[in-house]
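The structure appears right after this line, and notes come after that.
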Amino acid sequence: MTEKVDVAIIGGGPAGMTAASRIKRINPKLRVVVFERSNYVSYAPCGLPYYLGGIVKELDQLVHYPLRVFTEERGIEVHIKTTVTELGPGYLKARNSDGEKTYEWNKLLIATGARPKIPKVDGINLPGVFTLRVLEDGESARKYLQNVNRVAIVGGGYIGLELAENLKNLGKKVLLFEILPHVLPAVDTDIAVLIEKELVSNGVELHLGEGLKAIHGKERVESLETTNGEYKVEAVFIATGIAPETSLGEMLGVKKGATGALSVDKAMRTNVENVFAAGDVAEAVNLVTGKPDWFPLAPVANKMGYVAGATMSGIDAEFPGAVGTSVMRVFGLEVGRTGLTEERARREGFEPVSATITSNTKASYIPGVGQVTVKLIADAKTGRLLGGQIVGKDILARINTLATLLAMGAKVEDAFFADLGYAPPFAPVWDPLIVAARVLMGKMKGQ
């Protein structure tokens, strides 16, 4: 049996559901069908470490909107627990507990997101080995952790660091393994060192420069073997990065870009007629380099979905690009980064120059004053801001300000003269961002 739909959307994450909602708002008469392989749509997998740590009490709290909002209020057809098994010109095959069905579509959005990179080592499929992609992963991991004391985390990126904090706060012995010399490769080494000190001071056993060789156990995880030795653990979280889930797009002949994600224009169109892609599966323009890049970040995915929905409805819309802004917390340390690191800037052909300062977050006489470290990076030739990293207290407004400056192509002088707000409870009269710009400006002028 074959059904005809106006718009088919593969993936019920942020990009897919934003696009579906946009299409139905613009043209309520269109039949829009979403296929999602998990039991949830419009969910926030980035909240899973906090669910494991007990900060989020119920899994349903990680769902932005209940399913009925999309189906009953917005008129979107949603098929959960449904896997798209085949994709071809104008059709797809989807399978669930009722069997397999074929759908003919006029327009298609691929919003399949990203998948965890799984190391090919012995023992990777043992009970007690977890990845965090969909909400069900968090549910099974939380149950397993109830009878576990020693936990290994393989990977020192965003998810690995957030897991370390939450599992340590849960009372677990946490061993964090990173194959690179430092954690969080999205920041420069001098900033990564500050994060590492915070991890160690909070009792995380940190193993840098150690690669995973195998996971051992008879019926469940009993130990983890690295390039440096073997460690007794009872559970292992694999957080070794993600990759765009492009297999269905490739099946249809959609081209991939240099990043490995699906190549799209600013309207989210692929090279295949009437086929669009958005979210973590697709590339976007890096506003600093001007080149295609990959930004697996929820805010970017939502905006890409919004543009895709408008374009698929016949309304002109473009996603200009992003600068790669992200924030996180590592115990008592807030961490933010945007734009390029010094190393990346150098690889992109710039001549990076940087300045790093540490300053009070507010007037020194205000109770609760904290410290923040700001690193700014600029191009020595043009003075243009290229990126920055901020760690410490009260970083969000500052990293967001910097991200806005980057997106506008601002120079260091623009950052220095930015008219930022001042009041003793919120910032010193010389805001740390302004101080960093002043130091960098002087460094570039030899003053």
Side-chain angles (χ1 to χ4, degrees), residues 9-20 33-71 76 78-85 87 94-97 109-119 124-145 153-155 157-160 162-163 166-167 235-249 261 277-282 296-302 304-305:
I9 296 176
I10 308 175
M17 298 315 296
T18 298
V33 181
V34 176
F35 302 91
E36 168 56 43
R37 66 181 185 177
S38 79
N39 196 37
Y40 301 91
V41 296
S42 188
Y43 53 88
C46 52
L48 285 173
Y50 302 96
Y51 172 71
L52 295 180
I55 294 174
V56 177
K57 302 301 180 184
E58 303 294 335
L59 203 59
D60 287 346
Q61 292 177 257
L62 298 181
V63 177
H64 298 303
Y65 296 100
L67 183 58
R68 61 170 180 78
V69 171
F70 297 104
T71 56
I76 302 166
V78 181
H79 297 276
I80 58 174
K81 296 183 179 179
T82 301
T83 301
V84 175
T85 57
L87 187 57
R95 180 184 294 120
N96 57 27
S97 59
L109 175 65
I110 302 171
T112 44
R115 55 178 171 77
K117 291 181 178 178
I118 308 297
I124 198 70
N125 294 316
L126 276 171
V129 179
F130 300 98
T131 58
L132 298 178
R133 182 186 183 188
V134 295
L135 298 195
E136 290 88 342
D137 295 335
E139 191 172 27
S140 57
R142 185 166 172 171
K143 291 178 182 178
Y144 196 91
L145 286 171
I153 300 168
V154 182
Y158 294 108
I159 295 297
E162 289 173 343
L163 275 170
N166 280 280
L167 296 182
V236 177
F237 283 87
I238 302 297
T240 48
I242 57 175
E245 182 55 271
T246 60
S247 55
L248 288 174
D280 293 356
V281 73
L297 302 164
V300 173
N302 274 302
M304 293 173 80

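- Panel note: side chain Thr18, backbone Gly16; no donor-acceptor pair is recorded below 3.5 Å.
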Per-pair distances, 0.1 Å, donor-acceptor, side chain in residues 239-247, under 3.5 Å, sequence neighbours excluded:
residue : atom : partner : partner atom : Å
Thr240  : OG1  : Lys117  : O            : 2.7
Glu245  : OE1  : Ser247  : OG           : 3.1
Thr246  : OG1  : Glu250  : OE2          : 2.7

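- In this structure, CG on Leu67 lies 10.0 Å from OG on Ser42, to the nearest 0.5 angstrom.
- Proximity of Leu167 to Ile153: side-chain heavy atoms (C-beta onward) are separated by under 4.5 Å at one or more points.
- Shortest non-hydrogen contact noted between Ile110 and Gly249 is CD1-CA, 3.6 Å.
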Does Tyr65 form a side chain to side chain contact (heavy atoms under 4.5 Å, CB included) with Val41? I'd like the steps, not just the answer. CA-CA 8 Å; Tyr65 296 100; Val41 296; over 6 Å; no
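- To the nearest 0.5 Å, atom CE of residue Met304 and atom CG of residue Leu109 are 9.5 Å apart.
- The closest side-chain heavy-atom distance from Asn166 to Leu52 is not below 4.5 Å.
- The heavy-atom pair separating Lys57 from Tyr51 by the smallest distance is O-CE1, 3.9 Å.
- Under the 30°/60° scheme for interplanar angles, the aromatic rings of His79 and Phe35 are found to lie parallel.
- Here the closest non-hydrogen pair linking Gly128 and Tyr144 is CA-CZ, 3.4 Å.
- Taking the side-chain hydrogen bond (donor to acceptor under 3.5 Å, both in side chains) definition, one finds that Ser38 meets it with Glu36, sequence neighbours left out.
- Closest approach of Ile238 to Pro119, counting heavy atoms only: CG2-CD, 3.6 Å.
- In this structure the side chain of Thr112 never reaches within 4.5 angstrom of the side chain of Val84, judged on heavy atoms.
- The CE atom of Met17 sits 4.5 Å away from atom CD1 of Ile76, with the distance rounded to the nearest 0.5 Å.
- Listed for the Asp137 side chain is a donor-acceptor partner under 3.5 Å among the backbone atoms of Val134.
- Separation of atoms CG (Leu48) and CZ (Phe237) is listed at 9.5 Å; rounding is to 0.5 Å.
- Shortest non-hydrogen contact noted between Leu59 and Leu135 is CD2-O, 3.6 Å.
- Across all non-hydrogen atoms, the minimal contact from Ile124 to Ile118 is CG1-CG2, 3.5 Å.
- The CG atom of Leu163 sits 9.5 Å away from the OH atom of Tyr50 when rounded to the nearest 0.5 Å.
- One finds the OG atom of Ser140 at 9.5 Å from the CG atom of Leu145 (value rounded to the nearest 0.5 Å).
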